[in-house]
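Proteins come first, then strands; the chains are lettered A, B, ... in the order of their sequence lines, and each starts at number 1. Computation of the quantities below employed the complete heavy-atom set of this structure, encompassing side-chain atoms and omitting hydrogens, waters and symmetry-equivalent molecules. On a predicted model such as this, the values are computed, not experimentally measured, just so you know.
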There are 2 protein chains.
Amino acid sequence: MKRRRGVVLADAILQAAADELVESGYAGLTMEAVARRAGTNKNAVYRRWPGKAALGIAAYGRLADAATDVPDTGSLREDVLELLRRVNRQFSSPLGAVQRDLLAAAAAEADLLAGLRAASADAGSRLWLGVLERAVTRGEAPASALHPRVATVAVVLLRNEYVVRGAQTAPDDVLVEIVDEVYLPLVRGRAALHASADPADDRGRDEEDRPDHEQPEQALDRQADDRQHQPHHQ
Amino acid sequence: MKRRRGVVLADAILQAAADELVESGYAGLTMEAVARRAGTNKNAVYRRWPGKAALGIAAYGRLADAATDVPDTGSLREDVLELLRRVNRQFSSPLGAVQRDLLAAAAAEADLLAGLRAASADAGSRLWLGVLERAVTRGEAPASALHPRVATVAVVLLRNEYVVRGAQTAPDDVLVEIVDEVYLPLVRGRAALHASADPADDRGRDEEDRPDHEQPEQALDRQADDRQHQPHHQ
DNA sequence: TTTTTAGGGTACGTGCCGTACCCTATCGGC
DNA sequence: GCCGATAGGGTACGGCACGTACCCTAAAAA
């Protein structure tokens, strides 16, 4: 009987883990079941991943590869709303439940969280900045809005809906409200502020170590590298 | 030996559960330990709460009773920043970790989530609306900003920091960034939109109550170089 | 071929959940 | 103050899942 080795086996395990994840959720994920489903035993699993959380995150990486492509309708509002709707569908799918469970499970251990972010969170930031950037070139938004924290406000609010209200799909009018009451006013409001010649906003601190008008790619890198350890003296 | 009954015993159990919660977190909360600590046995616990999640939420209710009082400095920016700092302290305390774990654990079961919200989330919305309302009466913000989703944007973004970055205390410049890049532009931007673009009256105050420099330690934190450590192998 | 590496099979020890019994202190009614 | 019903105390058990330890063998490397 042929015996799988190395990357072939690892792949089979990951696939089995991913299947178990969508079937039973993260809570119902067991090492035994994964090993059984992969046609091997826990030995081979533990030799590669130190525990359940690590395996779950690795398996999620395989699931999340289905990259969401960005809408490009020519209007900021429609772009944002459509992207938000896609994200909403993903959040309310089994995959979204897995993602939320995983985030919760990884919150305890910092190294796991880093792996999870690599698989999902940062890519999202790029998406939203891209949408916003196109709006800037069309003149729909000021360049000062090209800020990771600004660009991702909508999806952060949507995520919060799931945190607060549970796994229920967020109704569409919530998305509309987020876009019309928060996101667009925020972006356009920044336009109004900056158009009325009050750059006092970005003086002092900003000038030195946080340039507001940098290239979008740099803004992204910045966010990705922003993580820092607590130097806990005092 | 005296044998406690009824509400006295229930109280002792809740207290023990709350203590265990802050000591070991929700993940480390065990029914045995709670019973032992309360000087009783699992019997008495299960007679009152159907399982670990329900007990955890009930115990959290006892912890969360320490109501946060709202600052009232006379300036919207200072109020928001100060409130955000208090919330940040709470989030990064053991209590905050418990709250996040609990939210994650309750996401699966809807009825538990309802109980948890009653203990914490909704009160927060009122707080933020209150701050904003005072700003409106002072003329710092338009009445159109008095919208729950707008009012709570800052704390939602802060919560997201914890979701994405883990239990690390959010550095103060993140709070400042949230306030200056998102919250205030949002509120004032709405003013510009609704009051037909005359934000000139915002300018004077802006320069007064805006501190130029942050604490030196935090500025140092920001520069701390920590490239990613490889999370295990693949 | 011989040696080394890595998978397969299996059994354990441990921890915790949730339940079941049986005993006994306490409470409320008489 | 006695007496049944109620509820707490003690304990044991079944079950499950995690993580570990052996021992055996196929497959790759030397």
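- As rounded to whole Å, 17 Å separates atom P of dC16(C) from atom CG of Asn41(B).
- Atom CG of Asn88(A) is separated from atom CG of Leu83(A) by 11.0 Å, given to the nearest 0.5 angstrom.
- Judged by distance alone, with hydrogens and angles left aside, the side-chain atoms of Lys52(A) form a donor-acceptor pair with the main-chain N or O of Leu29(A) at under 3.5 Å.
- The side-chain heavy atoms of Val182(B) and Leu186(A), taken from C-beta on, include a pair separated by under 4.5 Å.
- Between Arg47(B) and the phosphate of dG8(D), there is a side-chain N or O to OP1/OP2 separation shorter than 4.0 Å.
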Quiz prompt | Gln15(B)/Asp11(B) under side-chain hydrogen bond (donor to acceptor under 3.5 Å, both in side chains): CA gap, chis, key distance, verdict | solution = CA-CA 6 Å; Gln15(B) 185 58 53; Asp11(B) 231 55; over 6 Å; no

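- Computed from coordinates, the Arg36(B) CZ to dC17(C) P distance equals 11 Å when rounded to whole Å.
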Quiz prompt | nucleotides 14-21 of chain D: protein proximity per nucleotide (B base, S sugar-phosphate only, - neither; heavy atom, under 4.0 Å) | solution = ---SBBBB

Practice problem: Would you check, one step at a time, whether the test side chain to side chain contact (heavy atoms under 4.5 Å, CB included) holds for Arg149(A) with Val156(A)? | Solution: CA-CA 9 Å; Arg149(A) 213 172 288 282; Val156(A) 169; over 6 Å; no

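- Contact annotation for Arg48(B): backbone-only contact, meaning every heavy-atom pair under 4.0 Å involves sugar-phosphate atoms and none involves a base.
- Atom CG of Leu84(B) and atom CZ of Phe91(B) lie 9.0 Å apart (nearest 0.5 Å).
- For Arg77(A), the side-chain hydrogen bond (donor to acceptor under 3.5 Å, both in side chains) criterion is met by Asp180(A), not counting sequence neighbours.
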Atom pairs, protein N/O to nucleotides 4-6 of chain D N/O, distance under 3.5 Å:
{"unit_1": "dT6(D)", "atom_1": "O2", "unit_2": "Arg5(B)", "atom_2": "NH2", "d": "3.2"}

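- Judged by distance alone, the side chain of Tyr183(B) and the main-chain N or O of Ala151(B) form a donor-acceptor pair under 3.5 Å.
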